[in-house]
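So the structure is just underneath, and the comments pick up after that.
Letters A, B, ... mirror the listed sequences (proteins, then strands); counts begin at 1. Model, not experiment: these values are computed from the prediction. The analysis underlying the following values was restricted to heavy atoms, covering all of them including side chains, and did not include hydrogens, waters or symmetry mates.
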Protein chains: 2
Amino acid sequence: MPGLRPRQQQILDFIRAYRADHSYMPSVREIQAGCAISSTSVVDYNVRILEREGYLRRSPDISRGIELVGDEPERAVELISVPIIGTIAAGSPMPVPEVTGWPAEDVETVSLPPELTPRHSEQLYALRVKGYSMIDALIDDGDIVVLRPAADPRDGDLVAAWLKLEEEATLKRFYREGDRIRLQPANTQMEPIMVAADNVEVYGKVVAVIRRLE
Amino acid sequence: MPGLRPRQQQILDFIRAYRADHSYMPSVREIQAGCAISSTSVVDYNVRILEREGYLRRSPDISRGIELVGDEPERAVELISVPIIGTIAAGSPMPVPEVTGWPAEDVETVSLPPELTPRHSEQLYALRVKGYSMIDALIDDGDIVVLRPAADPRDGDLVAAWLKLEEEATLKRFYREGDRIRLQPANTQMEPIMVAADNVEVYGKVVAVIRRLE
DNA sequence: ATGGAGTTGGAACGTCTGTTCGGGGCCCAG
DNA sequence: CTGGGCCCCGAACAGACGTTCCAACTCCAT
């Protein structure tokens, strides 16, 4: 992506510099001030272009909702050890990570190579899949799924969810549709299921699946 | 700083998880929703405490102006680096590991954690799966399969095989039946296929499957 | 000139968001 | 009982913020 007008380059540089100083993102008006632009609409105009060109992403109607792409912050280079805190099966409750005294002594762990490690790896945990109920998510009996506590999952994320009414754990892709939620199997040939938003409890977002064979 | 009320711990966990998913910080009302709190003032109250206790910093009057203080170190363990020598798809020939001058310079690699490393890890290689032809083996597009050259596969092994007549690469479980070979999909609901022994060339035995999700 | 595409400027609208205020339970020492 | 921390609730205020609309400007090929 070569073509980038000076104004856009200037804005991009400002955002990068701002990001180095603060852990949150600049607002439109801060960009305006920092780049000596006389109107917020000019910022919006150029930021739109930057988004269209793939330099960043925006979350509409969200303050400071700019995300830089290709600028993965502080990816850990070393091997991460993730505790396997239990099993997940269709009909049995999922274990949830205990917040207190997390690094227990005797839990089994799995190590994640750097290539698999997401941006923030502090609170990862893993579950061993029991049974064949996740077949539609291309997940086999015995697989290990690595999860991250999901605050406010985004559309399309593969999440581990607990359906309260059905008393069932499931791994599906998450889509918000008004006050309901569509859970879409990873296997696209299968039909999605619709559930009320207050019937689904999202425990985590799947960041990796590991299968070890004999 | 030991004493941290459950509500505060909950909020802290939510912020950390949110931060892992988004590059910007959650708003007070998002914390409220994510922690099932019924008022923004409760969030403000507890976030104030978290700030006073030194867990985070706030920039007043700034949307999403929360900054987490302190991040954790990681540990390093020994891990095996496996070259990804190519892709495997249904209709195209599989690459085979070159025995000579193996450690090429510019090949992509994937690191295997110790738990995944089999006994003899010297000649491991990996392929990236292209397309959805391995769905019946519960292997998705983009998955990485780690292989070991299989001199004499045992019954039940999951092998990467090349069907000469059909000119097709496939991942199936291997069963010898007289002078023919039964290739059984991992998905037990699907029918096995029978091929003549001299029509199948076993390239390797799958020792691990790794799937990384965004 | 002339027109269009790309860009800037100014202002306003509506919402998002941090913050504050008054009130109300709960628990325990006095 | 009384009072005071401690925590939660609902509502509202004021400012921060993303977004939109329209006019004007530059540049360039026609």
Side-chain angles (χ1 to χ4, degrees), chain A residues 1-15 18-19 21-69 99-100 151-152 154 176 178-179, chain B residues 1-15 18-19 21-69:
Chain A
M1 330 172 186
L4 209 51
R5 307 310 186 113
R7 186 40 62 83
Q8 290 144 25
Q9 187 66 52
Q10 181 191 20
I11 292 178
L12 197 56
D13 289 340
F14 176 82
I15 296 176
Y18 190 100
R19 207 204 118 59
D21 284 342
H22 313 72
S23 83
Y24 45 84
M25 286 308 211
S27 71
V28 170
R29 281 171 179 80
E30 282 170 338
I31 297 174
Q32 179 192 1
C35 298
I37 300 173
S38 59
S39 173
T40 61
S41 65
V42 177
V43 178
D44 183 69
Y45 173 77
N46 287 284
V47 168
R48 256 172 226 275
I49 295 178
L50 286 171
E51 182 180 25
R52 173 162 47 79
E53 298 298 323
Y55 289 91
L56 47 83
R57 256 186 316 149
R58 297 182 88 184
S59 302
D61 293 318
I62 286 191
S63 301
R64 303 169 182 273
I66 290 180
E67 307 189 51
L68 290 173
V69 322
V99 287
T100 60
D152 186 35
R154 260 183 279 215
R176 197 170 261 125
D179 59 344
Chain B
M1 338 170 183
L4 209 51
R5 306 309 187 125
R7 184 45 60 83
Q8 289 144 24
Q9 186 67 51
Q10 181 190 21
I11 291 178
L12 197 56
D13 288 339
F14 177 83
I15 294 175
Y18 191 100
R19 171 108 181 80
D21 280 344
H22 313 72
S23 82
Y24 45 85
M25 286 306 209
S27 72
V28 170
R29 279 169 181 81
E30 282 170 338
I31 297 174
Q32 177 192 2
C35 297
I37 300 174
S38 58
S39 175
T40 59
S41 61
V42 177
V43 178
D44 184 70
Y45 171 78
N46 287 284
V47 169
R48 257 172 223 275
I49 296 177
L50 285 171
E51 183 179 24
R52 173 161 48 81
E53 298 298 322
Y55 289 92
L56 48 83
R57 258 184 311 148
R58 297 181 88 184
S59 303
D61 293 319
I62 285 191
S63 300
R64 304 167 184 272
I66 291 179
E67 306 189 50
L68 289 173
V69 337

Look at the side chain of Ser63(A) and decide which nucleotide, out of dG6(C), dT17(C), dC6(D), has an atom nearest to it.
-> dT17(C)
Between Ser27(B) and dT17(C), is there a side-chain N or O to OP1/OP2 distance below 4.0 Å?
-> yes
Round to the nearest Å and state the distance from Asp44(A) atom CG to dG9(C) atom P.
-> 14 Å
Base, sugar-phosphate alone, or nothing: which one does Ile66(A) contact when heavy atoms must sit under 4.0 Å apart?
-> nothing
Could a donor-acceptor pair under 3.5 angstrom be found where the side chain of Ser38(A) meets the base of dG9(C)?
-> no
Working for side chain to side chain contact (heavy atoms under 4.5 Å, CB included), residues Glu30(B) and Arg64(B) | CA-CA 10 Å; Glu30(B) 282 170 338; Arg64(B) 304 167 184 272; 2.8 Å; yes
Indicate whether OP1 or OP2 belonging to dC7(D) is found under 4.0 Å from a side-chain N or O atom of Arg48(B).
-> no
Measure from the side-chain heavy atoms of Ser41(B) and tell me the nearest of dG10(C), dC6(D), dG10(D).
-> dG10(D)
Classify the nucleic acid contact of Asp61(B) as base, sugar-phosphate or nothing, counting any heavy atom under 4.0 Å across all strands shown.
-> sugar-phosphate
Sorted by position of nearest nucleotide on DNA chain D, 5' first, the leading residue of Ile62(B) and Tyr45(B) is Tyr45(B)
Is there a side-chain contact between Ile66(A) and Ile31(A), using heavy atoms and a 4.5 Å cut-off?
-> yes
Is the backbone N or O of Val69(B) less than 3.5 Å from a side-chain atom of Arg57(B), with the two atoms forming a donor-acceptor pair by type?
-> no
Report yes or no: is there a donor-acceptor pair, N or O only, under 3.5 Å between the side chain of Arg29(A) and the base of dG18(D)?
-> yes
Any Asn46(A) side-chain nitrogen or oxygen under 4.0 Å from OP1 or OP2 of dG6(C) | no
Within the structure, does a side-chain N or O atom of Arg5(B) lie under 4.0 Å from either OP1 or OP2 of dC7(D)?
-> yes
For dC17(D), does either OP1 or OP2 sit under 4.0 Å from a side-chain N or O belonging to Arg64(B)?
-> no
Has the side chain of Thr40(A) got a donor or acceptor atom sitting under 3.5 Å from an opposite partner on the base of dG18(D)?
-> no
Any side-chain N or O of Arg7(A) less than 4.0 Å from the OP1 or OP2 oxygen of dT26(D)?
-> no
Between Ile37(A) and Val28(B), which is nearer to the 5' end of DNA chain C once each is assigned its nearest nucleotide?
-> Ile37(A)
Would Gln10(B) and Arg7(B) count as having a side-chain donor-acceptor pair, cut-off 3.5 Å?
-> yes
